[in-house]
Amino acid sequence: MTQPSSEDVELQVLLDAIYQRYHYDFREYAEASLRRRVAAALVHFDCETISGLQARVLHEPKVFTELLDFLTVQVSDMFRDPSYFRAIREQVVPWLRTFPTLKVWVAGCSTGEEAWSLAILLAEEGLLDRTLIYATDINPESLRAAEAGIYPLERMALFSKSYLKAGGKKSLSSWYTTSAHSAMLDRSLRKSILFSDHSLATDSVFAEVELISCRNVLIYFDRELQDRAIALMRDSLRRRGYLGLGSRETLRFTSHDAAFEEAAPKERIYRKR
Amino acid sequence: MSTLDAIVIGGSAGALDVLLNLLPQLPRGFSVPIVLVLHVMPRKPSYLVDVLKARAALGVEEAQDKQPLQPGTLYCAPPDYHVLIERGRSLSLSVDDAVHFSRPSIDVLFESAAVALRSRVAGVLLTGGNEDGARGLEAISRAGGITVVQAPKSAQMPHMPEAALARFTPTRVLSSAELGPYLTSLGAPE
Ligand SMILES: C[S@@+](CC[C@H](N)C(=O)[O-])C[C@H]1O[C@@H](n2cnc3c(N)ncnc32)[C@H](O)[C@@H]1O
């Protein structure tokens with residue numbers, strides 16, 4: 001192995017400092033893209049070196065809050081990959097129907113689009129009244145936005161198209177009210193969703209659930225952290241419960257492949273054995 | 001033995017034709033993994049893989065997250081994801097912001113390869129109509145890797161190779177006809 005560069009060392013020290021000072025653990029995130037985001041943060045905070053950024057992060061909590069937006073990636077859409085939601089509707093919902101009460105966990109919910117989408121889907125299937133959706137993330141600002149459930153009006157056209165492709169039963173507009181520039185999702189959905197802070201890297205099991213949707217979160221973890229997060233999700237799932245991942249994520253290269261079977265292989269929906 | 005851990009290839013407008021011509025020339029025993037970012041992907045994700053597979057002796061797959069790199073395999077970036085190389089010689093995906101309006105972006109792949117593989121990577125920048133890839137290829141050059149730019153004259157869209165040539169002097173500037181023999185020599189077993 002070659003010697004680590006000074007930048008390699010600085011990055012590790014920054015992540016250690018963040019962990020010790022703020023208890024956010026980015027030490028086992030996939031390095032290549034994390035490095036790009038730290039580089040973007042250096043530009044934003046006008047720091048020449050990672051060490052310079054580290055000093056500011058340690059001494060100015062506000063800088064850390066802002067840095068969180070660089071370290072985490074807040075990209076989401078309602079009904080992103082419509083075929084995934086269609087598969088949930090067609091292949092998972094029939095099993096969910098057999099339970100008198102249901103718990104669903106959206107892990108890494110970002111600004112809420114995925115959780116609200118599932119709430120709509122379950123409402124249309126007549127299941128939302130008996131369901132509690134836990135929507136968790138580590139980014140407090142995203143959680144606040146998720147809870148508000150208000151999105152720019154110009155995004156709704158894409159969301160509506162995806163909703164229909166996903167097998168939506170009405171029109172998405174029946175699930176929100178509009179004002180001049182934004183759309184607010186129906187408050188009747190809100191009472192079934194519990195938004196809260198939870199980290200797949202540092203926190204533990206908090207409930208037994210029938211379905212977990214964790215999409216495009218694991219790609220930001222290295223293999224060891226993926227293993228930790230998947231073990232946590234496996235332990236949170238009821239026997240035969242379902243786990244849905246992002247469209248290019250797979251359990252194949254993790255240690256937990258054998259604990260699950262493929263339920264909808266193309267949609268990356270797995271089922272606990 | 002090849003001294004390379006990977007060959008990374010990027011291209012945009014016109015690059016599919018170059019690849020369709022290049023791939024049949026690379027032998028099955030090719031000893032180096034190849035990772036490819038192509039803009040203007042056909043809409044159906046599996047379509048690009050199928051088209052390339054039909055022409056290639058190598059294995060062709062769509063890149064999966066945390067997949068270890070295997071010799072003799074070409075990995076295509078999936079639509080709407082960046083693909084990056086990690087130090088452990090595996091691939092990572094991300095949905096970070098587009099770079100040069102592109103996701104996947106060539107710069108993202110190339111810069112990650114420069115950090116992870118240092119001098120043990122060759123970067124190849126093909127024809128294209130924007131500047132994605134120029135910065136990344138320069139990063140590979142600075143890390144001591146091999147850099148190849150398609151000769152602007154042989155490029156359907158010269159902008160992308162020209163942007164690289166404006167930044168630094170690559171190891172080779174090759175016409176599309178010269179690419180096959182050169183890459184074959186890079187990936188020759190033993
Ligand atoms: C690209 S977004 C995915 C959003 C949503 N799941 C979707 O697919 O539309 C990734 C999310 O993972 C969250 N995240 C990152 N690290 C996490 C961790 N350790 N535990 C929980 N969530 C995390 C980020 O804050 C971000 O909101």
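Residue numbers begin at 1 in each chain, while the letters A, B, ... track the order of the sequences.
Ion pair A/R37/B/D96 flagged as a salt bridge, since at least one NZ, NE, NH1 or NH2 atom sits closer than 4.0 Å to an Asp/Glu carboxylate oxygen. With respect to A/R252 and B/D65, no salt bridge is recorded, no charged nitrogen being found less than 4.0 Å from a carboxylate O.
Distance alone, capped at 3.5 Å, is enough to place a donor-acceptor pair between the B/K66 side chain and the A/F221 backbone.
For chain A, the option among B/L84, B/V95, B/I85, B/D80 with the highest count of heavy-atom pairs below 4.5 Å is B/V95.
Contacts between A/Q226 and chain B at a heavy-atom distance below 4.5 Å involve the side chain alone, from C-beta outward.
The residue from B/Q64, B/Q67, B/E62 that alone fulfils the side-chain contact (heavy atoms from CB on, under 4.5 Å) condition with A/R248 is B/E62.
Below 4.5 Å, heavy atoms of chain B meet heavy atoms from A/F253, A/R268, all part of residues 253-270 of chain A.
Neither side chain, A/Y220 nor B/S92, offers a donor N or O lying under 3.5 Å from an acceptor on the other.
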A/R36 and B/V99: side chain to side chain contact (heavy atoms under 4.5 Å, CB included), yes or no, with the steps? CA-CA 11 Å; A/R36 289 193 71 86; B/V99 175; 4.0 Å; yes
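The distance from atom CZ of B/R87 to atom CG of A/D222, rounded to the nearest 0.5 Å, is 12.5 Å. Here CD1 of A/I219 is found 6.0 Å from OH of B/Y81. Values are rounded to the nearest 0.5 Å.
At most 12 non-hydrogen atoms from other residues, nucleotides or ligands lie less than 6.0 angstrom from CZ of B/R28. Counting heavy-atom neighbours within 6.0 Å of B/R135 CZ, excluding the residue itself, gives a total of 12 or less.
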